[in-house]
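Reviewing the structure listed below.
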Amino acid sequence: MTSTTRLPSQSADFPAWYGEVVRQAGLAESSAVRGAMVIKPYGYAIWEAIQRELDARIKATGHENFYFPLFVPASVLSREGRLIEGFAPEVAVVTEAGGKTLSEPLVVRPTSEALIWSTYARWIQSYRDLPLLYNQWGNAVRWEMRPRILLRTSEFLWQEGHTAHATREDAAAYARQIHFDVYLAFLRDVLGLHVFVGAKTAMERFAGAINTMTCEAMMRDGKALQMATSHELGQNFARAFDIEYTDAEGERQLCWTTSWGSSTRMVGGLIMAHGDDAGLRVPPAIAPIQTVVVAVKDDDETLAAVERAEGALRDAGVRVRVDRDASTGLGRRLTEWDLKGVPVRVEIGPRDLKEGVVTVVRRDSGEKAAVPVDGVAAAVAEALEAAQRGLAEESRARTEAHTRDVATVEEAIEVAADGFARLPWSACGPDGERRLNEHAVSIRCLQTADGGVPGDPEAGDLVAIAGRAY
RNA sequence: CGGGGAGUGGCGCAGUCUGGUAGCGCACCCGGCUGGGGGCCGGGCGGUCGCAGGUUCAAAUCCUGUCUCCCCGACCA
């Protein structure tokens, strides 16, 4: 049961707005465990939809899924110096189990890297075993200082992919394929988010990676959120975990590996980027409920019409839900569907039926249309498509409107107040990056002049995308 | 660890400066009217004011101590 009635539009700052929507739409709540969360049924339905869509795309690139243990022996995690260094401050450690103090502490995985690489070392013998392509859906724990529900919780759900290859070129090509064909395509085509793809600077790179590619999206308040990353790990992890193979000439070689991941943070990003003052706006492509048919009254004629509309929509393959609970006030019911971000609503009541129509309303634009009773399925299909396009277009337009070209670090700091700055990397460099950081601005990624991912993150003539980040 | 703030019915808060019978909104229960965007009217249930001690005729309010939580910064998928 919710208790407050404070509406999102009444809160001044955006994060508060965000928390209200998360709570009122029934997505998640804080857990009894510090910094963790309970994902409520509707929030989980969105995550399931994301999983389904993303998993299909991952598998299409030739991967299968597997599952590794939650606990990692501390000695295994520390085999790659940078890995343990990168995560040491935020790992949770189990020192006691079965009523005894453990002879070796177990780390609750902040990532499965270490365990998976040490296993790959046994699985890989020959060049015939390569490439090795697996993905895992699971959870991870990072004891962050400042948790934010769905954006940075101490436990989060994610997928992490790990691949091993014979050559650097093959590994690089795979990382790119995942980054573009899986992450970029998913974020753009399914979530309707305009994202910047690029490489992380040395400072922002994943510990142990030689190249980290990222998808950065701009939230409604102009701040950045990293939506997914793909790493080329070079031979660093192969060396630390002895991942070797014998090539066709009989020579022992070190593998080249990649890893990549995305998490429940995407649900948070979806809200922060598409949400408005009335709640969520979920793109039809992943909306657990695409259309809700609302019975304005519960007289027999209305209920019969609602039933027919539901049938027609179901037959058309629409994920439809019916709301015929007239004992609850209409305004209250409509508000609830708005908060959940159901993309299209069909209202049916005596007033409509007298005219032989039903009312089709789009959540993204608020557009209302009276359509003939027999035309519901077609009208809804059209509205769903328009809503998907509309949200994507809004995201693109807003992002572009808040992205400006600048020439100096000082200008970048100013522009980052409410958006992104495109700054020549040559005018910034690691020193400029540090100056940006002092003003809570970071370089989200480095791009080529035409907005692509640089083949070499150390190349000249790159453009830095700078902004404040969550 | 540094800097701020808050603990009062289930939830959100006012009251504290200036001590005097603990209040409001939401939720909940009952009755009625309503019903095309969180509806209206009336009636109810519910709180040892974080904890401990002190001052006082009298403490949510003043004093001392203590506990807890939140926000900002350093961390970050």
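Here is how names work: the chains are called A, B, and so on, in the same order as the sequence lines, proteins then strands, and each is numbered from 1.
- Residues forming a side-chain hydrogen bond (donor to acceptor under 3.5 Å, both in side chains) with A:Thr212 (at least two apart in sequence, or on another chain): A:His231.
- Between A:His165 and A:Tyr174, the ring planes are tilted. Angles from 30° to 60° get that label.
- Listed by chain and residue number, A:Arg362 satisfy the salt bridge (Lys or Arg N to Asp or Glu O under 4.0 Å) test with A:Glu367 (two or more places apart in sequence, or in another chain).
- Checking B:G37, B:G36, B:A77 against every side-chain atom of A:Thr153, the shortest atom distance belongs to B:A77.
- Distance check on atom C1': B:G15 versus B:U61 gives 9 Å, rounded to whole Å.
- For the pair A:Asp352 CG and B:G37 P, the interatomic distance rounds to 12 Å; values are reported in whole Å.
- A gap of 15 Å separates the P atoms of B:C24 and B:G9, to the nearest Å.
- For A:Lys200, the side-chain hydrogen bond (donor to acceptor under 3.5 Å, both in side chains) partners are A:Glu216, A:Gln226, not counting sequence neighbours.
- For A:Pro69, the side-chain contact (heavy atoms from CB on, under 4.5 Å) partners at least two apart in sequence or on another chain are A:Leu115.
- If you check every strand for non-hydrogen atoms under 4.0 Å, A:Leu225 touches nothing.
- Rounded to a whole Å, the CD atom of A:Gln24 is 15 Å from the P atom of B:C26.
- Under the 30°/60° scheme for interplanar angles, the aromatic rings of A:Trp117 and A:Phe237 are found to be tilted.
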Only pairs under 3.5 Å count here: list side-chain donor-acceptor contacts from residues 349-356 of chain A, not counting sequence neighbours, and write none if there are none.
from, atom 1, to, atom 2, distance (Å)
A:Asp352, OD1, A:Thr359, OG1, 2.7
A:Asp352, OD2, A:Gly349, N, 3.0

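- Helical stems in RNA chain B, defined as runs of 3 or more consecutive Watson-Crick or G-U wobble pairs with donor-acceptor distances under 3.5 Å: B:1-7 with B:67-73, B:10-13 with B:23-26, B:28-33 with B:39-44, B:50-54 with B:62-66.
- Across B:A77 and B:G2, the matching C1' atoms stand 27 Å from one another, rounded to whole Å.
- The side chain of A:Asp338 lies closest to B:G37 when the candidates are B:G36, B:G37, B:A77.
- The nearest whole Å value for the distance from the OH atom in A:Tyr183 to the P atom in B:A77 is 13 Å.
- Atom name P, nucleotides B:C45 and B:G19: the rounded distance is 32 Å, in whole Å.
- Residues satisfying the ring pair (Phe, Tyr, Trp, His ring centres under 6.0 Å) test with A:Phe66, not counting sequence neighbours, are A:Phe68, A:Tyr134.
- Residue-level contact check: A:Glu347 touches the bases, meaning some heavy atom is under 4.0 Å from a base atom.
- Taking A:Ala172 as the reference, A:Glu232 meet the side-chain contact (heavy atoms from CB on, under 4.5 Å) condition, with sequence neighbours excluded.
- Among residues two or more places apart in sequence or in another chain, the side-chain hydrogen bond (donor to acceptor under 3.5 Å, both in side chains) test is passed with A:Ser262 by A:Gln159.
- For B:G35, the base has no donor-acceptor partner in the side chain of A:Arg332 [N/O atoms by modelled type, under 3.5 angstrom].
- Contacts of A:Leu334 with the nucleic acid, taken as non-hydrogen atoms under 4.0 Å apart, include base atoms.
- Contact annotation for A:Thr229: no contact, since no heavy-atom pair falls under 4.0 Å across all strands.
- With respect to the salt-bridge test (charged N to carboxylate O, under 4.0 angstrom), the residues A:Asp431 and A:Arg435 do not qualify.
- Comparing B:C75, B:G36, B:A77 by their closest approach to the side chain of A:Glu90 singles out B:C75.
- Using a 4.0 Å heavy-atom cutoff across all strands shown, A:Gly261 reaches no nucleic acid atom at all.
- The stretch residues 286-302 of chain A touches RNA chain B through A:Val296, A:Lys297, each having a heavy atom within less than 4.0 Å of the strand.
- As rounded to whole Å, 12 Å separates atom C1' of B:A74 from atom CD of A:Glu144.
- Between B:U56 and B:C11, the two P atoms lie 36 Å apart (nearest whole Å).
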Output a table of nitrogen or oxygen pairs between the protein and nucleotides 68-72 of chain B separated by less than 3.5 Å.
from, atom 1, to, atom 2, distance (Å)
B:C72, OP1, A:Arg148, NH2, 3.1
B:C72, OP2, A:Arg146, NH1, 3.0

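- Comparing the same atom, C1', in B:G25 and in B:G47 gives a spacing of 16 Å after rounding to whole Å.
- We find that CD of A:Glu438 is positioned 11 Å from P of B:A74, with the value rounded to whole Å.
- Contacts of A:Ala326 with the nucleic acid, taken as non-hydrogen atoms under 4.0 Å apart, include base atoms.
- For the pair A:Leu270 CG and B:A77 C1', the computed distance is 16 Å after rounding to whole Å.
- Judged as a side-chain hydrogen bond (donor to acceptor under 3.5 Å, both in side chains), and not counting sequence neighbours, A:Arg468 has no contacts.
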